[in-house]
Amino acid sequence: MRDVKRIEIVIDKPHEHEVLNVLREAGVPGLTVMDVVSGYGDRGARDGGELSDAMSNRYLLTTCDADRLPAIAAAIEPLLLRYGGLCLISDAQLIRNT
Amino acid sequence: MRDVKRIEIVIDKPHEHEVLNVLREAGVPGLTVMDVVSGYGDRGARDGGELSDAMSNRYLLTTCDADRLPAIAAAIEPLLLRYGGLCLISDAQLIRNT
Amino acid sequence: MRDVKRIEIVIDKPHEHEVLNVLREAGVPGLTVMDVVSGYGDRGARDGGELSDAMSNRYLLTTCDADRLPAIAAAIEPLLLRYGGLCLISDAQLIRNT
Amino acid sequence: MDLLLSPPILFFFLGALATLVRSDLEVPKPVARLLSLYLLMAIGLYGGYKLSVGGLTGEALAVMGVSILASFLMPVVTYAVLRLKLGNDDAAAIAAAFGSISAVTFITAVAFLQESGVEYSGYMVASMALMESPAIISGVLLARIAASGGKPDAGGRLAGIGGLDWRELGREALLNGAVIVLVGSMAIGYVTGEKGWAAVSPLMDEPFKGVLCLFLLDMGLIAAKRLGDLKRAGVFLLAFGVVGAVAQGMVGVAVAWLLGLDHGDALLLAILFGSASYIAVPAALRLALPAANPSLYLPLALAVTFPFNIIVGIPMYNAILRAISATPGT
Amino acid sequence: MDLLLSPPILFFFLGALATLVRSDLEVPKPVARLLSLYLLMAIGLYGGYKLSVGGLTGEALAVMGVSILASFLMPVVTYAVLRLKLGNDDAAAIAAAFGSISAVTFITAVAFLQESGVEYSGYMVASMALMESPAIISGVLLARIAASGGKPDAGGRLAGIGGLDWRELGREALLNGAVIVLVGSMAIGYVTGEKGWAAVSPLMDEPFKGVLCLFLLDMGLIAAKRLGDLKRAGVFLLAFGVVGAVAQGMVGVAVAWLLGLDHGDALLLAILFGSASYIAVPAALRLALPAANPSLYLPLALAVTFPFNIIVGIPMYNAILRAISATPGT
Amino acid sequence: MDLLLSPPILFFFLGALATLVRSDLEVPKPVARLLSLYLLMAIGLYGGYKLSVGGLTGEALAVMGVSILASFLMPVVTYAVLRLKLGNDDAAAIAAAFGSISAVTFITAVAFLQESGVEYSGYMVASMALMESPAIISGVLLARIAASGGKPDAGGRLAGIGGLDWRELGREALLNGAVIVLVGSMAIGYVTGEKGWAAVSPLMDEPFKGVLCLFLLDMGLIAAKRLGDLKRAGVFLLAFGVVGAVAQGMVGVAVAWLLGLDHGDALLLAILFGSASYIAVPAALRLALPAANPSLYLPLALAVTFPFNIIVGIPMYNAILRAISATPGT
Ligand SMILES: Nc1ncnc2c1ncn2[C@@H]1O[C@H](COP(=O)(O)O)[C@@H](O)[C@H]1O
Ligand SMILES: Nc1ncnc2c1ncn2[C@@H]1O[C@H](COP(=O)(O)O)[C@@H](O)[C@H]1O
Ligand SMILES: Nc1ncnc2c1ncn2[C@@H]1O[C@H](COP(=O)(O)O)[C@@H](O)[C@H]1O
Ligand code: NA
Ligand code: NA
Ligand code: NA
């Protein structure tokens, strides 16, 4: 077991691609994407993407070592400022095959 | 980055509406709803809602400031007592556009 | 509210069954299963299971009391070593009907 | 025997088999939802269309009236029986499920009739739609009245119904998705008549039996998964799933005989009376009777009564009705 | 009145009703996606097939050319009007949505024509496909130019378009899933012609109206859910959703008259001009105009203009075009 | 050339194109699952029905027997070849995938035959169903025996198979969802015969090619996404995906010639031998050979061999078989 930072992000699906790129470039070791049924925040309600992805969200879960967190947070923040969405960071312990 | 409380709730889908209302009234700043494929707890197994929502769950994720937690927990608790389900609260740091 | 350990696991869907068995035997009090749209880790990219479950993941969420954690972690670890996947453990507080 | 060897029933067996041998076969939830939506729309449109052709005759109104009444009153009797062994809420919930109907069982019976070349009336679909909700209201009232010990409440009104939110109960019983689609499709089929049916029948009529195969495959998968829940149900409940259902079905046979219904309509009435809801009613009861245990009423209707009806019930009622109509003097 | 009483429109009402009475009826997202994929493929294949039969006549090319032009130019006018009350990005986004088209509205109009036994040309489907994207580009350019204050930039090029990533904008406007499926299916229908259409028509032709019923049921559910968003939109925008749409539709009527189109084609052109996109354009605008508020342009097109068009617009343009063609001397 | 210009293949290209230009087009997972479920049921029911008409002739039994044998034995040869460059588990897994079959390739070949007006026998569908699983067992045994170094184990039994959980392996190979549906539908088609087929064919027969279009659109999207994985595969493996497949396909041609099969059946046999599984086998191998890397065997079968077969393989085997049968003296 190893201490890591747990990062979860909710972002508009149209911008998922950009966030994934940023995270990949920031070197997160892995990533899990899940669907969002609905949600709301400052910019109003989001749907489940019935007609198009225009108003739907994605949920991303990733981890990083504590010392990498500032760089990753700095990389994500501008995207959240531009597009809205949410990033939650918490402490966790990791069990992995590596 | 700001310290917040991360709140996640698993509730029977038929009662999702009530929990959403309670959270909204309690003034949570945003909310994300996700689908549950299956689960089990004290009240037995839940399915993915193939035939109807009668036996299926929903997953809700929200946040609040630490000082708002007691009020929100107090609002949710009676629903969990009546309907079953789960509420997990943890510490997190928030990056947001606000 | 009671302090518990929050355990989340990402595992290849073909091996979900084994992890569920291990967790059930380890006596976790409940469990929530969610779908994964996509992901990547050491063993490359995973898809959403469009054609078959061969390359798709599942997300499991469960809890346990702190004193049960070592036993549960020990039970899960060999599966992660053999099959890959991820297990994150964090601290949380539980509100429940029990 | 014909029915047992028809593709839909065989696909039900295939699905059940797949679950029992622990195959990874699954029908994704949205597909199951699409299939049941389709079946409800198709049967609703067809029923409405047939009603528009046949008209609201006296017989139609009589059958529809009796159906509403049966859905409301049968639960009173079954509740009394179930209370012998079960708690108040569980007895009321099961009574409600059995007083209501199973649309898929009805549809399987319709497919059976079509294969046998037997006609049925549009108002039987209307009867099905009308029977969905009254049993829910009846079940909730029974649970309430019993819980209050039968004593009239402060306002002097009937026991236990004092604080009842009728509006909310009505909403839960009447505005359930399945009810809306069925009633709405019937209304649309009725209003658009011949021309409307011609427009939609390439989707709603011809592929119908094929879709039923797909759906029953999934029903087999799901029903077999619920078999485990039945362990906790006990022998009394399992027996009720068959005997109670048949008792109600025989009431349907009797009513059909009294009303002088044609064979097809009579069979459908028996199936409506004798089937139990595992889609619409459970969804409504989670809200209307939250204290009742869904792990009892749902598996009972789904994994006992439903398979019994499509495998044994339909041919059985068919044989009984044939025997009755062959009796001289009727 | 005929259209209002056709099953697809009635299912739209049923869906809207279900949402308004807070029923739990829902069509799962993957099903909605399947249905719209089906409708786009079906109309694309049929249009391509008809085009392969009819050929690319001068009239076809003229209508297609005018359609592209209209999609590109109409937003300039509507943008100017919308700027009276709205910010730059929101005005540009709404102008783009209304300059583009709604495939479902077009398809509903096609179903209306089929029921009335009126023919239409394959190139109208091509015109629909061609009108999807230009409006997006037009809207983005308007927003850019206005934001730069109209001053030519460093490179001396047209104001505000200096830093524009044309490649990316083209991708977002042209490679949207809905555009790809529609254009691709048309190409496939064109290339495979008579034989191809014969192979796919049991899926793509006959069940078409039935599928439209299912999809409009869902559209009713979804559109009614978006009604709430409109509270924030204000009276000006609500009025634009109807008046602006009709103004554009009348431009279509005029163009059809000038080009001497047959009744069916003229009606479809009016509907293309007068409808607004709530699927392809919003999806593209989230990327191309991220600063515009989707909670304005999406509900407006979906919950105001779409219902207006399928309930009032189609029969209205139909009546107007009938009146015009009945006028002596035309 | 005919095949290339048929709608299903063109939709495959459209899907691949959409992925390559990074369009956001996607077919939701549950829809993909529904489509493949439908295709398996449809081909299974039809095959079973044809078998019920044609009967289990000596030829039928011979072809089915040879098919099982081929599925079991071909992996031994391909495993040996693959071991030249690959590790034990990966070689065994790829050998298993190529020994088994691709139902979608088979179905595309069936559609090709139908368009060409060429008949085929019901037992070819049975052969397909029978070929799915033996290769899995064969591959696992090869991996086991090789891993044990070929030395007989303690109990004196064949090397490496000592500790093998046959029951579990059988379950994984035989009870996979795709196998269950295919075999089950065939059985149902066989048992219900003419009457059963008449009941389901409006869903299972006529719309078949249209559904294949939808599914191949998605296959194009998915296969193109997997192209990236192939970078790591290396030239040897890419070459195997084509050359190995063709070699196996030619074995099929030879066997068909020896058995004197008709043109349609011969083509299907070649395609069965020459196609590789990317649905049923990978799902089973994740359990049966967890140490093998799915990112090798899955993309190879899906993104190399499958497109090769439907674009080049089918017309190629068709031409070869025509040439052979045109040769005097055969
Ligand atoms: N406090 C929150 N808790 C959980 N989810 C949130 C929260 N705030 C925002 N979200 C999610 O992020 C999406 C975008 O948020 P926003 O940009 O504030 O509109 C919302 O639709 C929610 O799904
Ligand atoms: N650091 C991580 N953060 C989030 N998810 C991860 C992480 N690492 C692995 N995963 C998930 O676990 C799956 C299997 O990981 P792996 O065994 O490393 O390939 C991946 O496909 C991801 O869905
Ligand atoms: N300890 C737990 N960990 C994760 N999920 C749980 C836990 N307990 C309950 N749940 C979820 O909450 C639902 C309702 O729980 P219960 O009311 O205990 O039956 C279950 O079906 C699970 O999805
Ligand atoms: Na009943
Ligand atoms: Na327009
Ligand atoms: Na093969």
Side-chain angles (χ1 to χ4, degrees), chain D residues 28-42 44-46 48-49 52 167-168 170-193 195-208 210-211 279-280 282-284 286-287, chain E residues 1-39 42 108 110-117 201-218 220-221 224:
Chain D
K29 167 195 151 164
V31 171
R33 290 292 181 103
L34 169 63
L35 299 177
S36 78
L37 180 62
Y38 167 90
L39 291 174
L40 289 175
M41 276 176 71
L45 283 165
Y46 185 58
Y49 154 62
S52 80
R167 204 192 143 101
E168 195 57 27
R171 225 181 59 77
E172 282 149 13
L174 296 168
L175 301 183
N176 181 280
V179 178
I180 291 258
V181 168
L182 189 57
V183 174
S185 301
M186 261 199 57
I188 293 174
Y190 187 81
V191 169
T192 61
K195 211 178 155 195
W197 181 244
V200 299
S201 63
L203 180 69
M204 297 296 175
D205 185 20
E206 284 114 50
F208 189 76
V211 176
I279 298 185
R286 292 309 308 280
L287 295 166
Chain E
M1 282 322 296
D2 229 17
L3 179 68
L4 268 186
L5 283 185
S6 78
I9 303 302
L10 290 173
F11 274 104
F12 179 81
F13 285 124
L14 182 61
L17 183 77
T19 292
L20 296 178
V21 301
R22 292 188 295 128
S23 166
D24 65 350
L25 179 62
E26 62 177 20
V27 175
K29 166 194 150 167
V31 171
R33 290 292 180 103
L34 169 63
L35 298 177
S36 79
L37 180 61
Y38 168 90
L39 291 174
T108 308
V110 163
F112 172 77
L113 290 177
Q114 286 174 346
E115 265 173 57
S116 327
S201 62
L203 181 69
M204 297 295 174
D205 186 19
E206 284 114 51
F208 189 77
K209 264 183 223 157
V211 177
L212 188 58
C213 289
L214 265 164
F215 191 64
L216 287 190
L217 175 70
D218 194 27
L221 287 166

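Numbers restart at 1 for each chain; the letters A, B, ... are given by sequence-line order, proteins then strands. This is a predicted model, so every value here is computed, not measured.
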### Query
Is it the backbone or the side chain of E:F11 that comes under 4.5 Å from a heavy atom of chain D, or both, or neither?
both
### Task
Could you look at D:L37 and say if it's the side chain, the backbone, both or neither that has a heavy atom under 4.5 Å from chain E?
side chain
### Task
Under 4.5 Å, counting heavy-atom pairs only, tell me which of D:T192, D:L34, D:L175, D:I188 racks up the most with chain E.
D:I188
### Task
Check whether any side-chain heavy atom of D:Y49 sits under 4.5 Å from a side-chain heavy atom of D:S201, and report yes or no.
no
### Message
Please check this pair: side chain of D:R33 against backbone of E:V31, looking for a donor-acceptor N/O pair closer than 3.5 Å.
### Response
no
### Summary
Ranking D:V191, D:L174, D:N176 by heavy-atom pairs under 4.5 Å to chain E gives rank one to D:N176
### Query
Given that the side chain runs from C-beta out, which part of D:L45 has a heavy atom under 4.5 Å from chain E: side chain, backbone, both or neither?
side chain
### Message
Between E:Q114 and chain D, with a heavy-atom cut-off of 4.5 Å, which part of the residue counts as in contact: side chain, backbone, both or neither?
### Response
neither
### Summary
So, the part of E:V27 with a heavy atom under 4.5 Å from chain D: the answer is side chain
### Query
Name the one of E:L216, E:L25, E:L217, E:I9 that satisfies side-chain contact (heavy atoms from CB on, under 4.5 Å) with E:L14?
E:L217
### Residue part contacting chain D, namely of E:L212, when any heavy atom lies under 4.5 Å
neither
### Task
Among the options E:P30, E:P8, E:G15, pick out the one with the most heavy-atom pairs lying under 4.5 Å from chain D.
E:P30
